[in-house]
Amino acid sequence: MSPRQAVHIKVRRSASDVAFGLLAVLALAGLIGGVPYALVRYFGSPLPDGGFSLSMLTQDVGLSSVLDMLAIVVWLAWAQLVACVVVELIAGIRRVGVPARVPFASGPQALAHRLVTAALLLFAATAVVAPAVQALAPATPHQHTAVVAQQAPQTEKTENVEQAREALAPVQKTKKVYVVQPPHGRHHESLWEIAEKCLGEGRRYKEIYQLNQHREQPDGTRLRMADLIRVGWVLDMPDDAINVHVVSQDQDRPETLHRHADKPVELDGHTHYAQASAEDSPEVTRPAVKTGGTGGAGGSEAAPTVQEAPDAGDPEMTAVVKAHQQDAESTAVVKTPQQGTDSTASSGVVSGVAESWPDFLAAASLAAAGLLAVLGSRRRRQLWDRAFGSRLPNPEGEAAVAEMALLLGADPHGSRLLDVGLRHLSKELAKQGRTPPTVFAAFLASTHLDLWIHPPEKEAPAPWAALDGGRIWRLTANDGHRLPDLPDIFAPYPGLVSLGTSDAGRVLVDLEAAQGLINLRGRSHVVSAALAAMAVELATNRWSDHMRLVLVGFGEELSLIAPDRISVHSTLAEALPELEARAADVSRALQASGVSSVLTGRSRGVYGEAWMPVYLLTAVPPTEGEAARLAELAQTGTRLASGYLVAGEEIRGASWTWELSPDGRARVGALGLDVHGQLLPQQQYAQVIQLFRAAGQPGVAMDDPEPSGPAASQLHPGFRPAVDVRVLGSVEVIGPRPLEEERLPLCMELVAYVATHPGGVHPQVLAGALWPRGVEAPVRDATIARTREWLGIDSEGRSNLFADDQGRLHLGPEVRVDWLVFRELVRLSRTDPATEAARLGQALDLVRGPFLHGHPAGRYLWLAGDELVYEVSARVSDAARRLTQVLLAAGDPARAMTAAQAGLRMSDEDEPLWRELLRAAHATGDVETLRHWVESLRRWAATSRYQGRLVPETEALIQELLPAPARAAG
């Protein structure tokens, strides 16, 4: 039964109310004044003459003694009644709600409550008196409206008046919250401990996580991982929680609890005291230097903090970091992708994937760029085997969300800057006969790349510049992007991997620079998430060559990403022989080559394969014997092509210790680094694996195109579209009225989405596509209305963007979409062989480039999980291949070449189409033409972002069409 809601009742005092009030006043006067008067007059003073003494206990008990004792009992009862009346008067006059309970006085207090209520109503019609103690029923935690149990008939009117009085005050719903407490020593609170303390069962931590997932906290961050909570966060709690605060439900994140710790807070007529937050507690240990904003791994993040530990290693390295810290604060340019309105905590938010958005994956910008590159290469291989009439499988569900996050967070420009800049540095130093300096860390910002050098070197080869006395070498982004790719130069620092991020940029450390074991310390799930992030980045980055990752404590599924780089072992004992053999190979190579270090060997290009690194990442702490063998491997006194990251609380002989706090911060005391660590939690790690599994599935057969009424009518020669939407190439919307430039990209994306989904798009689905991280409903509706106004009306006065009876959005019949016209032309080509070539030629004339090419960064993320992008590519390729074959059979190789080139405009990675182009060129009988296209194909393959070689079928066709003597002559 739901609690009774207070209602407004017109209040008037009736004659009976006045009579009851007068009787109550008389009764109170009689009880409070009349009773003691009668006792004193008829029984005398309750105190005996001469005072109390022990002799009274030995005297004979007579009738007078019995009467005296009865009088004392009555005096005590009177005193208890007076206390009840006083308590009820205070509660009624001050309106404090439920009055305090007088011990052992439930009956008298109930009587006093009724008398005081009637008396106060006589004198103040607006008085609000709490219900009788005996009549109190347990109220729900979210309802502070008075709920009064059934009373005796004589008090019914009084209760109605009480409800009327309370109805005059605002009724506020409440909720229970808990403030995460500061740590005690090294002990930090967890959701499990909070659940044990407040819910009585640690396993109920999932309820707290679900109530607070992705909701904004007072410091601006969000709960994205159940194991990572921050001091001062305000967590919503289940209704049955204890040891918590009760606050107004209108306060989505009560700032009073965060900003005014230990100060009273008035809510709903009750006084609450806030617990101390991280900002207010003197027990919180803060970093020595803290800059930038607050944040988590996936949102806005604090800038790197630099603190000097008592044993911080070489003070010069700490000085390098401190100097860079000051420089980064003054020159940092924060680059944030366009994400729309991120308001997932609001009740008016709509989104398709906001609740499951993988923030940590989106924040790993370099790992995201590497994963997308490997994924693209994998899909290119799928194209080799694609059968006619089929398309590549598209990722679905969580895998699609993971790819959207990768697309949003990836930093391919930063990845290339690292790759090209480091290889160019190695090349220039080799020309000068110099050994590359020891780089213990790097800092990547949107404007520059910094290498942190130790010991310092003041001479840096151009376009690098030495700063801070040679402790920092800097390459600006403008200079780096002008450098050419150098695939033949060995990567000098393949062990650079992201430690964490800040508002200013990304901090990377070189695993090889430790020249010993690196001990990862922290909670097991945080350490595992950090190791997973590093493994993914190392396995896919472009600034490393043929490295070997030896993983212990990982599943075999990670080898799906980079089988040529990864070996997985269940125990450290299984991995040690491989590590020991590799270390011995490097030592022998150093002796045989005569070079002084691995860095020298890499820069000079001698014994190249000998310098390819091997890195151990183990989530399983070693035994004493295994730790001793690892220490012997690592502590050689010189730099080897190896790095060892070992989880465990105390690893003897570790050169560096990485501290990972429960809230995700990563600190390397020896280097003076403290940043938000890069993590890849288990759920998001599983999403990546699912994405790569989808890339290995066979092709999906496509059905024949269905007839399109609007597109068919638009094929008539006299048709003039009101609006022309082009998606087979760059996105273009031609014909509508002018629109503000800053609003144009979003409105164009909305039109493109509706245009490519002709069955209709519900606004809720549209919101999930255009704003995957969430958007408020008013923002969504305003964007739809603005786009409708922008597209205008057609020749018959109909809106070019309208909603059907079910609320789905459609484009009007006079809006022409090139993709829908293409499909209709391909369908018609199959109905009449006589017009097949002409229809296919018309369809391919619509293709101007890749599907939705050149769209703004951070937008069109819905393409990641939409099968449309794979269908468009496959249908264009099939149409081009079919037309090429038809024209070759008709003896028209020149037009066949044109058809193949039209298909390649959509996807230049489609080698089956390249082979059709070569066959058409060969059919012309012109060897120079064939040689031209063979050379063009090889140049394309050499510069391909995914693959630097041709598939065997293409190589075999070239050998057949252009034998070796002809190629040599050319």
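Numbers here are sequence positions counted from 1.
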Okay, side chain of [X], backbone of [Y]: is any donor-acceptor separation there less than 3.5 Å?
X      : Y      : result
Arg416 : Asp411 : no
Asp419 : Ser415 : no
Gln217 : Val234 : yes

Is there a side-chain contact between [X] and [Y], using heavy atoms and a 4.5 Å cut-off?
X      : Y      : value
Arg859 : Leu770 : yes
Leu863 : His855 : yes
Val527 : Arg523 : no
Arg773 : Leu408 : yes
Leu418 : Leu508 : yes
Leu371 : Val536 : yes
Leu746 : Trp771 : yes
Leu191 : Tyr209 : yes

Partners meeting ring pair (Phe, Tyr, Trp, His ring centres under 6.0 Å) with Tyr753 (sequence neighbours left out): His757, Trp862
Qualifying salt bridge (charged side-chain N to carboxylate O under 4.0 Å, His left out) pairs with a residue from residues 526-538, counting only residues at least two apart or across chains: none
Residues in side-chain contact (heavy atoms from CB on, under 4.5 Å) contact with [X], at least two apart in sequence or another chain:
X      : value
Thr657 : Asn519, Arg521, Glu659
Ala410 : Ala368, Ala369, Leu372, Pro412
Pro393 : Gln382, Gln697, Val700

Flag if over 12 foreign heavy atoms under 6.0 Å of NE2, His853: no
Closest non-hydrogen atom pair, [X] against [Y]:
X      : Y      : answer
Glu749 : Tyr860 : OE2-N, 2.9 Å
Val675 : Gly500 : CG2-CA, 3.6 Å
Ala504 : Ala445 : O-CB, 3.6 Å
Pro563 : Arg378 : CD-NH2, 4.5 Å
Asp236 : Lys175 : OD1-NZ, 3.5 Å
Phe851 : Leu868 : CZ-CD2, 3.6 Å

Worked check of side-chain hydrogen bond (donor to acceptor under 3.5 Å, both in side chains) between Glu398 and Gln690: CA-CA 8 Å; Glu398 293 296 314; Gln690 185 181 351; over 6 Å; no
Trace of the side chain to side chain contact (heavy atoms under 4.5 Å, CB included) decision for Leu660 with Arg665: CA-CA 6 Å; Leu660 294 165; Arg665 293 199 69 86; over 6 Å; no
Step-by-step side-chain hydrogen bond (donor to acceptor under 3.5 Å, both in side chains) determination, Thr501 to Arg506: CA-CA 4 Å; Thr501 56; Arg506 176 171 296 271; 5.2 Å; no
Derivation and outcome, side chain to side chain contact (heavy atoms under 4.5 Å, CB included), residues Leu671 and Phe440: CA-CA 8 Å; Leu671 305 180; Phe440 66 89; 3.6 Å; yes
NZ/NE/NH1/NH2 to OD/OE distance under 4.0 Å, Arg204 and Glu201: no
Parallel, tilted or perpendicular, as decided by the 30° and 60° cut-offs, for the rings of His481 and His413: perpendicular
Contacts of Asp866 that satisfy salt bridge (charged side-chain N to carboxylate O under 4.0 Å, His left out) - sequence neighbours left out: none
